[in-house]
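Throughout, protein chains are lettered first and strands after them, A, B, ... in sequence-line order, and every chain is numbered starting at 1. Source: prediction; values computed, not measured.
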Protein chains: 2
Amino acid sequence: MRKDSRLSRVLHVLVHLNRFDSPVTSDTLAKMLSTNAVVVRRTMALLRAQGYVHSAKGHNGGWTLAKPLAEISLLDIHSSLGEGSVFTIGLTDEHNSCPIEIAVNKALQDVMGEAEQLMLKRFAEVTLDTLELESMNHLKDLGI
Amino acid sequence: MRKDSRLSRVLHVLVHLNRFDSPVTSDTLAKMLSTNAVVVRRTMALLRAQGYVHSAKGHNGGWTLAKPLAEISLLDIHSSLGEGSVFTIGLTDEHNSCPIEIAVNKALQDVMGEAEQLMLKRFAEVTLDTLELESMNHLKDLGI
DNA sequence: AACCCACGTAACCTATAATGTTTCGTGATA
DNA sequence: TATCACGAAACATTATAGGTTACGTGGGTT
């Protein structure tokens, strides 16, 4: 099944954005992600709607951070991308009068719900400045 | 993204199987799931390979449980269905020399790994006889 | 004012994976 | 030996993420 890589990609972009002083165009970001400017706009528009980035048209236009990295968590970005389930495991809902199906679905839902809560909690604990710091530490470890 | 509903479906089937004394055909199971006999065989074959069910050809053939429900956990069945990731969130691996991408992926992987471990642990704690019991309790609650 | 730049958006195409369907083969049983 | 039910291959269908093209709009630049 094809994965949704928007979270990974957009986090990557946001940390890079922090290093620029002037706006960065969708086209530049698209090249950093080996993709297309329209795809970048599509995803970044979701973050703009939540106030995490800003976009400007015309000369010297492009994307800028609207908040410091320290004020943006993984959960913020994850949530901005939509409400879709994070699991590839789905429940069948075709025979909702069958008590066995009900019991099966409840058991699966309980476990997946608990796992998702843990995931969201951990996402909330990580802010993007941490990612930037870790990427710099990684360079230091390599002796660069 | 399309969900993988095999786990939900096959658990449903296994609990039902326990109620039959004689083998149940793929066709009968398919009708219970509103699907096709070939789809049933495809999934059940994975469970047979792990020794959870048995199949027989010919007259009075079909599927039977090879173990009591109490000896089969949700994890057993989940694992039988394959190794695919349980998350719809994917990591990009296109610029693995970029320290930012590395830091982003590590952060996401850490959290998802932890959530998956919790999910597998919980799956291991639930055996199928529990599901059967809960489905019967549900009927009782309804006064049936 | 004319031009160019970069975003905004809609429409369409492509790739991939789960699921559904058809078909034929094979062993077991009546 | 006729029938039943699984085994398996090949193909069709469906859903979704992502890519592509095309055109519109507003804001700087010259």
Side-chain angles (χ1 to χ4, degrees), chain A residues 1-10 12-13 17 20 22-49 53-64 66 78 81-94, chain B residues 1-10 12-13 17 20 22-49 53-64 66 78 81-94:
Chain A
M1 194 182 299
R2 194 168 204 185
K3 300 297 198 68
D4 180 349
S5 58
R6 291 178 303 163
L7 180 59
S8 173
R9 284 176 149 183
V10 81
H12 185 184
V13 159
L17 262 192
F20 290 85
S22 42
V24 183
T25 67
S26 302
D27 221 56
T28 302
L29 296 178
K31 274 164 194 148
M32 291 167 50
L33 297 177
S34 307
T35 181
N36 186 290
V38 178
V39 174
V40 171
R41 289 188 194 116
R42 204 140 62 189
T43 307
M44 292 294 280
L46 298 172
L47 303 195
R48 185 186 49 213
V53 293
H54 173 256
S55 66
K57 295 179 175 180
H59 283 264
N60 201 34
W63 298 92
T64 47
H78 172 69
L81 297 181
E83 292 297 315
S85 164
V86 295
F87 294 105
T88 58
I89 296 176
L91 307 181
T92 57
D93 200 15
E94 299 156 345
Chain B
M1 188 178 305
R2 195 168 201 185
K3 300 297 197 67
D4 180 349
S5 59
R6 291 178 302 164
L7 180 58
S8 172
R9 283 175 149 184
V10 81
H12 186 184
V13 159
L17 262 191
F20 289 85
S22 43
V24 183
T25 67
S26 303
D27 220 57
T28 301
L29 296 178
K31 274 163 194 149
M32 291 167 50
L33 297 177
S34 306
T35 180
N36 187 291
V38 178
V39 174
V40 171
R41 288 188 193 115
R42 203 141 61 190
T43 307
M44 293 294 279
L46 298 171
L47 304 193
R48 184 187 50 214
V53 293
H54 174 256
S55 66
K57 295 179 175 181
H59 284 264
N60 202 34
W63 298 91
T64 46
H78 172 70
L81 298 180
E83 292 297 316
S85 164
V86 295
F87 295 105
T88 58
I89 296 175
L91 308 181
T92 56
D93 200 15
E94 299 155 344

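- Distances shorter than 4.0 Å separate some side-chain N or O of B:S5 from OP1 or OP2 on C:dT19.
- One interatomic measurement links the two molecules: NE2 of B:H54 to C1' of D:dG7, which rounds to 14 Å at whole-angstrom precision.
- Under the side chain to side chain contact (heavy atoms under 4.5 Å, CB included) criterion, A:S5 pairs with A:R9, B:T92, sequence neighbours left out.
- Summarising the geometry, atom OG1 belonging to B:T35 is positioned 11.0 Å from atom CG belonging to B:L29; distances are rounded to the nearest 0.5 Å.
- Here B:W63 contributes atom CH2 and B:S22 contributes atom OG; the two are 16.0 Å apart, rounded to the nearest 0.5 Å.
- B:S26 has a side-chain polar atom (N or O) that falls below the 4.0 Å cut-off from OP1 or OP2 of D:dC6.
- Distance CZ (B:F87) to C1' (D:dT16): 20 Å, rounded to an integer number of Å.
- Between the side chain of A:R48 and the base of C:dG8, no donor-acceptor pair of N or O atoms lies under 3.5 Å.
- Taking CD1 from B:I89 and NZ from A:K3, the interatomic distance works out to 9.0 Å, rounded to the nearest 0.5 Å.
- OP1 or OP2 of C:dG8 sits under 4.0 Å from a side-chain N or O of A:S55.
- Per the geometry, CG belonging to B:D27 stands 14 Å off P belonging to D:dG7, to the nearest Å.
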Nucleic acid footprint by protein, nucleotides 22-30 of chain D - heavy-atom cut-off 4.0 Å, B for base, S for sugar-phosphate alone: ---BBBBS-
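- Remark: the B:R42 side chain and the D:dG7 base include no donor-acceptor N/O pair separated by less than 3.5 Å.
- The CG atom of A:L17 sits 10.5 Å away from the OG1 atom of A:T28 when rounded to the nearest 0.5 Å.
- As rounded to whole Å, 11 Å separates atom P of C:dA18 from atom CG of B:L81.
- Distance CZ (A:F20) to C1' (C:dA6): 16 Å, rounded to an integer number of Å.
- To the nearest 0.5 Å, atom CZ of residue A:R6 and atom CE of residue A:M44 are 13.5 Å apart.
- Comparing C:dG8, D:dG18, D:dC6 against the side chain of A:V39 picks out D:dG18 as the nearest.
- Looking at heavy-atom distances under 4.0 Å, B:A45 makes no contact with the nucleic acid at all.
- Atom-to-atom, CG of B:L29 to C1' of D:dA5 comes out at 12 Å; the value is rounded to the nearest Å.
- Residue A:R6 places no side-chain N or O under 4.0 Å from the OP1 or OP2 atom of D:dT16.
- With values rounded to the nearest 0.5 angstrom, B:R41 atom CZ is found 7.5 Å from B:D27 atom CG.
- Remark: P of C:dT16 and CG of A:D4 are 17 Å apart, rounded to the nearest angstrom.
- Protein atom CG of B:N36 is 12 Å distant from nucleotide atom C1' of C:dT23, rounded to whole Å.
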